Amino acid sequence: MATDSWALAVDEQEAAAESLSNLHLKEEKIRPDANGAVVKTNANEEKTDEEEKEDRAAQSLLNKLIRSNLVDNTNQVEVLQRDPNSPLYSVKSFEELRLKPQLLQGVYAMGFNRPSKIQENALPLMLAEPSQNLIAQSQSGTGKTAAFVLAMLSQVEPANRYPQCLCLSPTYELALQTGKVIEQMGKFYPELKLAYAVRGNKLERGQKISEQIVIGTPGTVLDWCSKLKFIDPKKIKVFVLDEADVMIATQGHQDQSIRIQRMLPRNCQMLLFSATFEDSVWKFAQKVVPDPNIIKLKREEETLDTIKQYYVLCSNRDEKFQALCNLYGAITIAQAMIFCHTRKTASWLAAELSKEGHQVALLSGEMMVEQRAAVIERFRKGKEKVLVTTNVCARGIDVEQVSVVINFDLPVDKDGNPDNETYLHRIGRTGRFGKRGLAVNMVDSKHSMSILSRIQEHFNKKIERLDTDDLDEIEKIAN
Ligand SMILES: Nc1ncnc2c1ncn2[C@@H]1O[C@H](COP(=O)(O)OP(=O)(O)OP(=O)(O)O)[C@@H](O)[C@H]1O
């Protein structure tokens, strides 16, 4: 028991160290020492929180970099109109929107055949005359960015050489991603120009910006609008606040956004987008978007109904590895994701699996977001058959095409309690769209057995024991 709790403490410390060094955005600020330990002073704890928040921006960027399609969602869109008596429009095709031909061409060139679920309602609302304000929430990947980019491009007058659309993003990297979508969708508008209001983009004093669309982070946009006067905020027609949930998690961004919003003309269209809608986001949204229409698309429910769940009892790491090899020896596994608690275990496991002849990809905490995206991309293309990753690193990643998930270590939160949400997200996605998924949990201590029991209780689903030395039994689970 004493050994268990000691092992847990070491693991937790490592995981904490990882969640810190994970973040290249603030890398220089705090780092674990040479032993991977984090020194906990009050000041550092505060920073840890900050870093944790900034991790949301990194996760959001990672999701954008690895995504190539819309995320499926069969839920109904909920629309709350400002004027409940006005008819509610929804469109099933882009033609119905009567877009300018160059823009429709841009949309089709991007390979979009029809509006996504959220776009069906959001687009007619955003393009209506007179202009209407909108607060929209739907999970990442459902087409929000494409929607507001289309709204900005529809309203911009390319002949007018001054900023008319202003879009706020939480980070420089996220601003660049949105900028790319603007460039792609607006590619048949050669006269249309885009400026990035981000730190490091220095302009000469007294200069006025001629680009029609400005995208940037709140601090720099505020400077450009007020102190430096590069932008005349009174000429802005469309104001977009993207990733509001990430925005409010970053210190100072909320106030800066509100100050920018106050400089805009009253009839400027205000649009706010968020992947989540907790109370704090909602309060902020109401402050920056007066008289809003509201559109919400609930997250698709993940269930464990179509997933076969097992656990394997082992007494240490080597036995877990042996059990994994037995599994691989007995059944055909096209592609699997394996989750470990610490970076050290993940690296060790990846090396051992490689020695066994597997093609292994490793997603590790010290990688930059772009490097992680490249690893996931290769795995998606099937270049590697096994992806070994740590819990922290894989948070929020979609594993849709993978039908086998191995929890080499069970997911636990900062306090060592079962992380049910992560368990569901990780495993729930393997059994989507009628596919049958397989999840195997490795259990190697009383502590992890108790975590497993609590996970079972939480979902009210039995996780069967699997004896990986019994080949017949393993073969059975594959059928
Ligand atoms: N109508 C559409 N048809 C096909 N693909 C689309 C459509 N709209 C968007 N996409 C694509 O789907 C993916 C997700 O879209 P988008 O980035 O707009 O979602 P999002 O909700 O803004 O996600 P995030 O919150 O992560 O920014 C992108 O690859 C985008 O090109």
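Values in this document were obtained by computation on a predicted structure and should not be read as measured data. Atoms considered below: every heavy atom in the structure, side chains included; atoms not considered: hydrogens, waters and symmetry mates. Every number for a ligand or one of its atoms is a count from 1 in the order of the listing.
Ligand 1 is surrounded by K64, R67, S68, N69, L70, F94, F112, R114, P115, S116, Q119, Q139, S140, G141, T142, G143, K144, T145, A146, each with at least one heavy atom closer than 4.0 Å.
Listed by chain and residue number, N420, I451, R454, I455 satisfy the side chain to side chain contact (heavy atoms under 4.5 Å, CB included) test with P418 (two or more places apart in sequence, or in another chain).
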Residues 100-117, side-chain donor-acceptor partners within the protein, below 3.5 Å, at least two apart:
from : atom 1 : to   : atom 2 : distance (Å)
K100 : NZ     : S154 : O      : 3.3
K100 : NZ     : V156 : O      : 3.4
K100 : NZ     : Y189 : OH     : 3.4
Y108 : OH     : E95  : OE1    : 3.0
Y108 : OH     : E95  : OE2    : 2.6
R114 : NH2    : E120 : OE2    : 2.5
S116 : OG     : Q119 : N      : 3.4
S116 : OG     : Q119 : OE1    : 3.4
S116 : OG     : T142 : O      : 2.9
K117 : NZ     : N75  : O      : 3.2

Name each donor-acceptor pair under 3.5 Å that joins a side chain in residues 225-234 to protein atoms two or more places apart or in another chain, with its distance.
from : atom 1 : to   : atom 2 : distance (Å)
S226 : OG     : L222 : O      : 2.7
K229 : NZ     : S226 : O      : 3.0
D232 : OD1    : K234 : N      : 3.0
K234 : NZ     : M263 : O      : 2.7

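A donor-acceptor pair shorter than 3.5 Å cannot be found between the side chains of E278 and S280.
Summarising the geometry, atom CD belonging to Q212 is positioned 9.0 Å from atom SG belonging to C165; distances are rounded to the nearest 0.5 Å.
Cation-pi geometry between K235 and Y162 is met: the NZ or CZ atom falls under 6.0 Å from the ring centre, inside 45° of the normal.
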